[in-house]
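One structure below.
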Amino acid sequence: MATTTKTAAAPKAGRNEHTVTLTDNATGKSWTFPVMDGSIGPKVIDVRKLYADTGFFTYDPGFTSTGSCQSALTFIDGDEGVLLHRGYAIEDLAEHSDFMEVCYLLLNGELPNAAQKAKFEHDITYHTMVHEQLQYLYRGFRRDAHPMAVMVGVVGALSAFYHDSTDINDPHQRMVASHRLIAKMPTIAAMAYKYSLGQPFVYPRNDLDYATNFLRMCFAVPCEDYRINPVLSKAMDRIFILHADHEQNASTSTVRLAGSSGANPFACIAAGIASLWGPAHGGANEAVLNMLREIGSKDKVPEYVKRAKSKDSGFRLMGFGHRVYKNYDPRAAVMRKTCHEVLEELGVKDEPLLDLAMELERVALEDDYFVSKKLYPNVDFYSGIILKAMGFPTSMFTVLFALARTVGWVAQWKEMIEDPSQKIGRPRQLYTGPTKRAYVAVAKRK
Ligand code: SDX
C-alpha cells in the first residue's frame, strides 16, 4: 500500500496511568493494558497489543463494544439522546446554522467566519456541474432502475472523470475531491431522479444556495420557470444538516475501511452509498413509508406492533430502534417538528401517513417491549413523510440521505487519511470450520 503522508496530527486521546488487567483463569497468567481517555464519552481499553501479548483475539460481531478509531467529528450520548458535531448540539445547528456551515464545520473543525463561509460556498457552488459525458452513464440504466443503484454506479465512476483529485497523499487533491463530492452529489442525485422520470436533466445554477439548487434540479422543467419556496428550501437544508454525520455507523465504517487500503475517495464514497442502502441503515426511510402504507389505518396499528414484538414474524418497526440511541433520537424530534412545518406550508391539513406514524409512535412508546428495549423513533421515522410531501418518490429517500451524508463520509475519510496511527483495516475471526484434512480424489469420494 502506498505510504500516506501524515499531514495533521491525529486527535490526541489522553494517555494516563489508568490500566486494566486481564487474567486467564485457565493459566493464571495476567496482562495489563492501557486505558485511553477521549474528551467526553466512554474510555477505551487499548487492545492493539492483545494478540501479540496474549495470543487471544477479541470477539465483537457488529462492533457493539469496539472503538475502530479516534475521531473529533461527532459525539453521540445514546442514553441522553445527545448528538454533537465538533461540540455543537444538532438542535442548535438545525435551528441556527445551514448545511454549508455544517459542511465547513465537519471538514475544518470550526464554524466559518463570514469570509470563510463565503469562500467555501463559492468553492462548492463552482463544482456543482458534472463532466458533460457523465450523462451518458445514466443511459446504460433502465428508466425504472432504483436510483440508489444509479448512485452507486455513477459516483463510483467519478474517479474515471476526475483523475486529478485521486492522489490521497496530496492534501490539495484530498480537499478538491472532498469539495467535488459534496458539490456534485445534488447534481448526480437530481439527474438520477430526472432520468427515472424521462425528463431532461436540469443544470445547477450558481446564483442559488445548495438546497434550493437541488430542489430546482429535481423539480424544474424547461416549459416554465421554477418557483422557489423558501420554506421548502429551508426544510431541505435542515434535513441535510440532520443527516450530515453520525460517528462510525455502518456506511461511514465502510468508507473508512475502503479508504484504509488507499482506494480513491470516489470509490470509497460509492462503497458508503452501497452500505447505506440497506433497510437496517439508510434504506429505513424508504422502508418506513412502505410499512406505513402496508399498515394502512390506525386500527391495524396494534396488529403490527404485536408482529414487531414477535421474534418469529421477522417484522420490525422500521424507523424504530438504534444501536446507540437508547433514548429519543434528537434528529427525529427536529424531523417531526419540520414535518408539521412543511405540511402546513403545503396546506396539507390531514396527512394520513403522519397521523398513522404518530399513532404508531404513541402505541409503541406505551408498550413495555419497546420501553424495556429502549426502542425509540430514529432519524428515519418521520423523514419520509416530509420528503413525500415535498414531491419525492419513496425510491429517492435514501438517495437524499446519501447526498447529505456525503460530507460526513468525506470528513471521516479525510480524518482517517490524516491520522498518523491509521493502518489498513483487517479484522481477525473466530474460526469454526474444519481442521486440516487430506484431499480425496473424486473417484474415492462417497
Ligand atoms: C440509521 O448507526 C447509525 O448511526 C445509523 C444512523 C445514521 O445516522 O447513520 O442513525 C441511521 O441507520 C438509523 C436506523 C434505521 N434502521 C431502522 O429503523 C430499521 C429498524 N431498526 C432495527 O433493525 C434496529 O433497531 C437497528 C438495526 C437500527 C439497531 O439494531 P441493533 O443495535 O443491532 O439492535 P438489535 O437488532 O440487537 O435489537 C435489540 C433488540 C432485539 O430484541 P432481542 O433480540 O434483544 O429480544 O431490540 C429488538 C431486536 O429484536 N429490536 C426491534 C427493533 N429494533 C430492535 N424490535 C422491533 N422493531 C425494531 N425496529
Side-chain angles (χ1 to χ4, degrees), residues 128-158 160-161 181 183-205 208 210-224 226-229 232-233 235-236 239-240 243 251 266 269-279 281-294 318 342 346 353 380 383-406:
T128 47
M129 277 181 70
V130 294
H131 191 290
E132 191 65 3
Q133 279 186 222
L134 204 72
Q135 64 179 293
Y136 302 124
L137 267 178
Y138 289 77
R139 300 201 178 131
F141 293 97
R142 289 169 42 138
R143 293 278 179 176
D144 62 355
H146 194 291
M148 281 297 279
V150 177
M151 293 299 290
V152 172
V154 174
V155 172
L158 289 178
F161 290 84
L181 279 158
K184 297 181 194 304
M185 281 299 271
T187 311
I188 290 167
M191 289 170 75
Y193 177 49
K194 284 306 202 186
Y195 184 73
S196 75
L197 295 176
Q199 288 185 1
F201 296 138
V202 176
Y203 286 91
R205 287 259 301 269
L208 298 179
Y210 192 86
T212 306
N213 219 348
F214 172 63
L215 290 173
R216 181 179 168 277
M217 288 190 281
C218 287
F219 298 117
V221 288
C223 331
E224 60 188 31
Y226 173 72
R227 192 177 65 81
I228 292 169
N229 181 325
L232 296 189
S233 293
M236 189 82 266
I239 289 170
F240 289 160
H243 288 84
S251 54
F266 304 105
I269 300 307
I273 295 171
S275 171
L276 185 75
W277 195 0
H281 190 14
N285 53 18
E286 177 176 354
V288 167
L289 252 288
N290 295 335
M291 173 187 72
L292 292 173
R293 287 185 177 122
E294 182 187 333
M318 301 317 282
V342 167
L346 294 173
L353 290 173
D380 294 310
S383 57
I385 297 168
I386 306 175
L387 298 176
K388 172 184 172 291
M390 293 172 82
F392 292 104
T394 313
S395 61
M396 279 293 289
F397 292 177
T398 311
V399 172
L400 300 186
F401 194 150
L403 188 169
R405 184 53 57 89
T406 295

Please determine whether the number of non-hydrogen atoms from other residues, nucleotides or ligands lying under 6.0 Å from atom CZ of Phe141 exceeds 12.
yes

Check this for me: Arg142, atom CZ, are more than 12 non-hydrogen atoms of other residues, nucleotides or ligands nearer than 6.0 Å?
no

Can you tell me how the ring of Phe392 sits relative to the ring of Tyr193, calling it parallel under 30°, perpendicular over 60° and tilted otherwise?
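The arrangement is tilted - the two ring planes meet at 30° to 60°.
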
Rounded to the nearest 0.5 Å, what separates atom [atom1] in [X] from atom [atom2] in [Y]?
X      : Y      : atom1 : atom2 : result
Tyr210 : Thr128 : OH    : OG1   : 9.5 Å
Leu276 : Met148 : CG    : CE    : 5.0 Å
Met191 : Lys184 : CE    : NZ    : 11.0 Å
Arg216 : Ile228 : CZ    : CD1   : 8.0 Å
Phe214 : Met236 : CZ    : CE    : 6.0 Å
Leu400 : Ile239 : CG    : CD1   : 8.0 Å

- Backbone of Ala402 reached by a side-chain donor or acceptor of Thr406 within 3.5 Å: yes

Inset, instruction - Without swapping roles, check the side chain of Arg143 against the backbone of Tyr195 for a donor-acceptor pair under 3.5 Å. - result: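 Such a contact is found between Arg143 side chain and Tyr195 backbone.
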
In the structure I gave you, are the side-chain heavy atoms of [X] and [Y] within less than 4.5 Å of one another anywhere?
X      : Y      : answer
Ser196 : Ser395 : no
Ile188 : Leu158 : yes
Thr394 : Lys388 : no
Thr398 : Met151 : no

Over all heavy atoms of both residues, which pair between [X] and [Y] is shortest? Give the atoms and the distance, please.
X      : Y      : result
Val399 : Ala189 : CG1-CB, 3.5 Å
Val342 : Ala235 : CG2-CB, 3.5 Å
Met217 : Ala190 : CB-CB, 3.5 Å
Val202 : Ala220 : CG2-O, 3.5 Å
His281 : Ser275 : CD2-O, 3.9 Å
Cys218 : Lys194 : O-NZ, 2.9 Å

**Q.** Test side-chain contact (heavy atoms from CB on, under 4.5 Å) applied to Ala149 - qualifying residues, sequence neighbours left out
**A.**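 With neighbours one apart ignored, the set is Trp277.
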
For Phe397, the ring-ring contact (aromatic ring centres under 6.0 Å, His included) test, sequence neighbours excluded, returns none

- Item | Contacts of Arg139 that satisfy salt bridge (charged side-chain N to carboxylate O under 4.0 Å, His left out) - sequence neighbours left out |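 Here no residue qualifies.
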
What residue among Leu292, Asn290, Asn285 forms side-chain contact (heavy atoms from CB on, under 4.5 Å) with Val288?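 Among Leu292, Asn290, Asn285, the one that satisfies the side-chain contact (heavy atoms from CB on, under 4.5 Å) with Val288 is Leu292.
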
